[in-house]
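When a ligand or atom number is given, it counts from 1 through the structure's own listing order.
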Amino acid sequence: MQIGVLALQGAFIEHEQMLAKLGVSSFEIRCLDDLKKPFDGLIIPGGESTVIGKLLFELGLFEPIKKLINDGLPTFGTCAGLLLLADSIENDTRKYFCSMNIEAVRNAYGRQLGSFYAEDSFANEGKIPMTFIRAPYISRVGDGVEVLAQVDGKTVAARQGKQLVTAFHPELNNDLTVHNYFIKMINGEI
Ligand SMILES: NC(=O)CC[C@H](N)C(=O)O
């Protein structure tokens, strides 16, 4: 198995380290050439959705990646990655891949001071650590979307087919549950 990690900005190295701990190979996607080799899954990291979005367009990566996602490439977006996959952002007119039937609120917990830690249930995997950094939450889920986690009544993780999103950063805690879930999803085990 080979996972492509979008490495334009944000917390991509931490995702690579989590995958390595699971014994899964990954490579960085920085330019069009990087999309030439086949891969089984894509991770869109946290960072700044506006910056990652701008770079995706400037580097000519936006349309090819959108096509891969629409063609069914398993994709996991964290935080800014969630915003890039959301069908709409309640408080931002910008639109990106729009591949998941969810609406998100950007910087939903405040712009600077809205970083916090929680422990809550994720899917059927029990409680896991969740680090939120200027995070969004999901304010609406549409057809085909399964809610995987909620914190204080707000949806913070969801799945639609082979797409997975978390508002928190599972790559920043020493817990492999969410990455392992993504790998099982790619393998068709869940
Ligand atoms: N940690 C994050 O990815 C923060 C997301 C950021 N607030 C954004 O709007 O893109």
Practice problem: With ring-ring contact (aromatic ring centres under 6.0 Å, His included) as the test, would you mind laying out the steps for Phe132 and Tyr117 before giving the verdict? | Solution: CA-CA 6 Å; Phe132 293 81; Tyr117 174 85; 9.0 Å; no
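- Considering backbone and side-chain N/O of Ala80, one or more are found under 3.5 Å from N/O of ligand 1.
- Taking a 4.0 Å cut-off on heavy atoms, Ala135 fails to register as neighbouring ligand 1.
- Here the two rings, on Tyr137 and Tyr109, have centers that are under 6.0 Å apart.
- When only non-hydrogen protein atoms are considered, atom 7 (N) of ligand 1 lies nearest to Asn107 OD1, 2.6 Å.
- The single protein non-hydrogen atom nearest to atom 9 (O) of ligand 1 is Arg106 NE, 2.5 Å, given as residue, atom name and distance.
- For atom 10 (O) of ligand 1, the nearest non-hydrogen atom of the protein is Ser49 N, 2.6 Å.
- Looking only at atom types and distance, the side chain of Thr155 has a donor-acceptor partner in the side chain of Gln150 under 3.5 Å away.
- Contacts between Arg134 and ligand 1, counted as non-hydrogen atom pairs separated by less than 4.0 Å, involve both the backbone and the side chain.
- In the model, Ser88 has a side-chain atom that pairs as donor or acceptor with a side-chain atom of Glu103 under 3.5 Å.
- Between the side chains of Ser26 and Gln2, no donor N or O sits under 3.5 Å from an acceptor N or O.
- Here the protein heavy atom with the shortest distance to atom 2 (C) of ligand 1 is Cys79 SG, 2.7 Å.
- Counting the atoms of ligand 1 from 1 in the order shown, those under 4.0 Å from a heavy atom of Gly46 are 3 (O).
- The protein heavy-atom contact nearest to atom 5 (C) of ligand 1 is Gly47 O, 3.3 Å.
- Cluster membership check: Val178 does not share its hydrophobic cluster with Val145, using side-chain heavy-atom separations under 4.5 Å among Ile, Leu, Val, Met, Phe, Trp and Tyr.
- Within ligand 1, the atoms closer than 4.0 Å to a non-hydrogen atom of His169 are 1 (N), 2 (C), 3 (O), numbered from 1 in the order shown.
- Counting heavy atoms closer than 4.0 Å to ligand 1, residue Leu83 contributes side-chain atoms (C-beta onward) but none from N, CA, C or O.
- Residue-environment remark: CG (Asp71) exceeds the threshold of 12 foreign heavy atoms within 6.0 Å.
- A donor atom on one side chain and an acceptor atom on the other are found under 3.5 Å apart for Ser139 and Glu90.
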